[in-house]
Amino acid sequence: MGVQKNIVVDGKEVPFKASAAVPRLYRLKFRRDIYIDFAKLESGIEENNPEQSMMGIESLEIFENIAYIMAKHADPENVPSEPDEWLEQFGIFSIYEVLPQLLALWGLNMETQSTAKKTSPN
């Protein structure tokens, strides 16, 4: 199931999907915990003002990896098998424009899962 949304990245509409499978896909591909990485990105975006500072290299890599996994999950047949190949289709774009939308999509997915558990007859 999950939640899907098209987000404009460098002038192109890109489908992204959040579901319960994303943490597993992320862990298998990058050997990292997506929950910890999302928390780092959320604190980084709050602490940094896009006009005054830039996120660190690690945060940019985490963002790229999460965006890649969510795009691959939404469109597995058209997204390449490696993040670098996927990123090649874009020019420069602002993490500050795309990241909040990915965070919101992830939040919607978490709300959907919580609601389903609350209404479950078990």
Side-chain angles (χ1 to χ4, degrees):
M1 192 164 129
V3 182
Q4 190 162 332
K5 177 182 180 183
N6 288 350
I7 298 173
V8 177
V9 179
D10 189 31
K12 301 175 186 176
E13 280 209 11
V14 179
F16 291 92
K17 183 175 180 181
S19 78
V22 168
R24 178 178 171 75
L25 296 170
Y26 189 80
R27 186 176 58 253
L28 291 172
K29 182 74 174 172
F30 301 111
R31 306 266 189 249
R32 296 180 60 96
D33 184 321
I34 198 168
Y35 295 105
I36 291 171
D37 286 352
F38 258 127
K40 284 180 187 177
L41 289 179
E42 284 179 316
S43 66
I45 198 91
E46 291 167 11
E47 294 170 7
N48 291 311
N49 180 335
E51 282 97 35
Q52 295 180 358
S53 83
M54 298 176 65
M55 295 182 89
I57 293 295
E58 182 185 13
S59 293
L60 289 173
E61 185 175 352
I62 289 169
F63 162 72
E64 293 164 350
N65 291 345
I66 290 173
Y68 166 77
I69 285 294
M70 292 174 82
K72 179 79 172 164
H73 189 43
D75 191 9
E77 294 175 12
N78 294 312
V79 173
S81 61
E82 293 301 319
D84 294 344
E85 294 173 40
W86 178 70
L87 288 166
E88 282 291 322
Q89 70 181 307
F90 306 110
I92 302 294
F93 62 89
S94 173
I95 185 174
Y96 296 99
E97 291 175 9
V98 178
L99 178 58
Q101 294 180 73
L102 288 180
L103 290 170
L105 180 61
W106 185 250
L108 285 173
N109 177 62
M110 297 303 288
E111 286 177 23
T112 302
Q113 289 178 4
S114 294
T115 302
K117 286 179 186 175
K118 288 178 187 174
T119 59
S120 174
N122 296 351

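Throughout, numbering of the chain's residues begins at 1 and tracks the sequence.
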Between P15 and D75 the two heavy atoms that sit nearest each other are CG-CB, 4.2 Å
Worksheet entry | Non-hydrogen side-chain atoms of L87 and Y68 separated by less than 4.5 Å | no
(request) Evaluate whether atom CD of Q89 has more than 12 neighbouring non-hydrogen atoms of other residues, nucleotides or ligands under 6.0 angstrom away. (result) yes
Nearest heavy-atom approach of L25 to I69 is O-CD1, 3.9 Å
Heavy-atom closest pair (P76 atom, A74 atom, distance to 0.1 Å) is CD-C, 3.7 Å
Could you tell me whether the side chain of K5 reaches within less than 4.5 Å of the side chain of L108, counting heavy atoms only?
no
Heavy atoms of L60 and I95 approach each other most closely as CD2-CD1, 3.7 Å
Separation between CG (D37) and CD (E58), nearest 0.5 Å, reads 7.5 Å
Angle class for the F16/W86 ring planes (parallel below 30°, perpendicular above 60°, tilted otherwise)? perpendicular
Rounding to 0.5 Å, atoms NZ (K12) and CG (N6) come to a distance of 14.0 Å
Trace of the side-chain contact (heavy atoms from CB on, under 4.5 Å) decision for F90 with V14: CA-CA 11 Å; F90 306 110; V14 179; 3.8 Å; yes
For G2 and S19, the nearest pair of non-hydrogen atoms, with its separation, is CA-CB, 3.7 Å
Taking a hydrophobic cluster as the set of Ile, Leu, Val, Met, Phe, Trp and Tyr residues connected by side-chain heavy atoms closer than 4.5 Å, whether directly or through intermediates, do Y96 and M70 fall within one such cluster? yes
To the nearest 0.5 Å, atom CD of E85 lies from atom CD of E88 at 8.5 Å
Checklist line | SB check E82 K29 (cutoff 4.0 Å) | finding: yes
Rounded to the nearest 0.5 Å, the CD1 atom of I62 sits from the NZ atom of K40 at a distance of 4.5 Å
Rounded to the nearest 0.5 Å, the CG atom of L103 sits from the CG atom of L41 at a distance of 6.5 Å
To the nearest 0.5 Å, atom OH of Y35 lies from atom OH of Y26 at 12.5 Å
For L105 and K17 the tightest heavy-atom approach is CD2-N, 4.2 Å
